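Below is one structure, written out as structure tokens; the observations come after it.
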There are 2 protein chains.
Amino acid sequence: MARWQPDAPGRLAAAALDLFEERGYENTTVIDIAERAGLTKSTFFRHFPDKREVLFGGGTVAGLLVEGIASAPSAAGPLDAVADALDALGRTFFTADRREFSGRRQAVLNAHTELREREALKRIDLTASMIEALHRRGVPDLTARVAARLGALVWEIAYDRWIDADNSEGFGPLARQALAEVRAAGAVR
Amino acid sequence: MARWQPDAPGRLAAAALDLFEERGYENTTVIDIAERAGLTKSTFFRHFPDKREVLFGGGTVAGLLVEGIASAPSAAGPLDAVADALDALGRTFFTADRREFSGRRQAVLNAHTELREREALKRIDLTASMIEALHRRGVPDLTARVAARLGALVWEIAYDRWIDADNSEGFGPLARQALAEVRAAGAVR
DNA sequence: GCAGTGATGGGACTTGGTCTCATCGACCGT
DNA sequence: ACGGTCGATGAGACCAAGTCCCATCACTGC
């Protein structure tokens with residue numbers, strides 16, 4: 001007989017998302033979350049550094065993206081390397097079974113400034129990771145910075161569309177499509 | 001005889017910057033800041049919604065930028081409109097006498113995650129404002145989003161160089177220069 | 001004078017977040 | 001079977017951020 005129920009972080013994250021949807025982020029205390037998960041405040045902060053972080057699991061995405069950029073064919077240009085990485089992300093992380101959860105989560109994030117703020121920071125750090133990964137491919141600095149930002153834009157567009165129900169396409173193809181559009185728009189500048 | 005010393009927000013901001021430099025952001029209490037400014041915690045929160053915001057005055061920059069984009073010659077392309085706006089910003093806001101302060105402030109921001117987070121949010125909101133301003137010029141959505149992000153990159157590069165002492169150039173010319181470089185890098189993609 | 005205004009002070013109160021110590025089943029070696 | 005360590009949890013004190021409400025008191029206009 002296990003002494004504790006398994007996966008405390010997962011239970012906390014699920015409880016948090018539920019409560020944030022029900023009563024909003026600022027009307028939910030950490031104690032509320034912990035109690036719904038059958039735990040205590042102490043345990044919450046043992047698994048998450050702060051209240052916001054409960055909606056930003058692991059950070060595995062950054063690792064996958066960097067890995068994807070690194071393993072793109074060496075002939076690929078910077079933006080194509082990013083596109084390959086987004087494609088890989090679609091296969092390993094933004095899978096169909098995660099779509100509903102992602103949508104709920106995103107709706108909560110969008111509704112609360114404090115959470116948007118954390119998301120903004122994550123995006124910046126992630127862009128920095130992309131730039132580094134491009135540097136390791138030998139891409140010169142400025143080109144890398146441009147490519148990373150355009151890549152982030154492509155990601156954003158594709159992610160929005162992916163979450164938006166009523167379309168059954170996978171994340172990868174949506175990213176390819178978004179990239180083409182961004183390229184077309186960029187050419188006009 | 002005035003009952004209170006003038007410019008409470010300014011005194012609070014100055015005190016905060018001093019203290020953050022001296023002991024770091026997290027080792028500085030709001031009460032510390034207020035006391036150094038000859039005020040109290042109550043008054044601090046009457047002028048700033050939270051501790052971080054004391055380093056992000058007014059938000060006049062967003063307004064100036066939007067205004068600059070709007071008043072660019074109608075023949076100008078989106079990126080050129082942004083460049084014009086940055087130029088105007090250099091004349092009205094990022095003036096030489098503000099450079100030292102900006103450098104100190106930025107060093108503090110870079111050193112503390114909590115402040116970087118707030119800065120990240122401001123940047124996103126500002127990018128959104130730029131996109132809106134471009135829309136009002138009739139720029140199609142995707143083009144606007146690309147231009148706004150590249151504009152933000154140009155800003156970032158120019159701002160870093162401007163703060164970096166040992167160069168006496170104004171913000172405007174630095175922005176023009178950065179824009180040219182970004183354009184060159186973007187063409188290669 | 002006298003009432004209203006507006007920036008400030010004071011202090012109670014909630015919540016996020018840190019820290020330290022206690023608990024107690026599982027596991028391991030003997 | 002026994003005893004000791006380990007690891008995830010609980011309990012609660014404590015500090016700082018942020019909210020709220022009420023008091024103060026020079027200045028202003030009537």
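In the text below, chain A, chain B and the rest are named by the order of the sequence lines, each starting its count at 1. Predicted, not measured: the structure shown is a model, and the values here were computed from it.
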Side chains of residues 152-160 of chain B: which donor-acceptor partners sit under 3.5 Å, not counting sequence neighbours?
| from | atom 1 | to | atom 2 | distance (Å) |
| --- | --- | --- | --- | --- |
| B:E156 | OE1 | A:R149 | NH2 | 2.6 |
| B:E156 | OE2 | A:R145 | NH2 | 2.8 |
| B:E156 | OE2 | A:R149 | NH2 | 3.4 |

Terminal axis angle for the helix from C:dG1-D:dC30 to C:dT30-D:dA1, five pairs an end, nearest 10 degrees: 10°
Partner residues of B:E181 under the side-chain hydrogen bond (donor to acceptor under 3.5 Å, both in side chains) criterion, sequence neighbours left out: B:R161, B:Q177
Contacts of [X] that satisfy salt bridge (charged side-chain N to carboxylate O under 4.0 Å, His left out) - sequence neighbours left out:
X	answer
B:D18	B:R104
A:K122	A:E53
A:D125	B:R116
B:E67	none

DNA chain C contacts among residues 106-119 of chain A, heavy-atom distance under 4.0 Å: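 Those residues: none at all.
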In whole angstrom, what separates [X]'s [atom1] from [N]'s [atom2]?
X	N	atom1	atom2	result
A:I31	C:dG17	CD1	P	12 Å
B:W4	D:dC25	CH2	C1'	7 Å
B:D7	C:dT8	CG	C1'	15 Å

Could you pull out every donor-acceptor pair under 3.5 Å between side chains of residues 96-103 of chain A and any protein atom, sequence neighbours left out?
| from | atom 1 | to | atom 2 | distance (Å) |
| --- | --- | --- | --- | --- |
| A:D97 | OD1 | A:T95 | OG1 | 2.7 |
| A:R98 | NE | A:F93 | O | 2.9 |
| A:R99 | NH1 | A:N167 | O | 3.0 |
| A:S102 | OG | A:R98 | O | 2.9 |

For B:W4, the rest of its hydrophobic cluster, which grows through side-chain links under 4.5 angstrom: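 Its cluster mates, by chain and number: none.
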Donor-acceptor pair (no angle test) under 3.5 Å: A:R46 side chain, D:dG10 base: yes
Close approaches to DNA chain D from residues 33-45 of chain B, in residue order (heavy atom, under 4.0 Å):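 Contacting residues: B:K41, B:F45.
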Pairs touching residues 55-64 of chain A that satisfy salt bridge (Lys or Arg N to Asp or Glu O under 4.0 Å), sequence neighbours left out: none
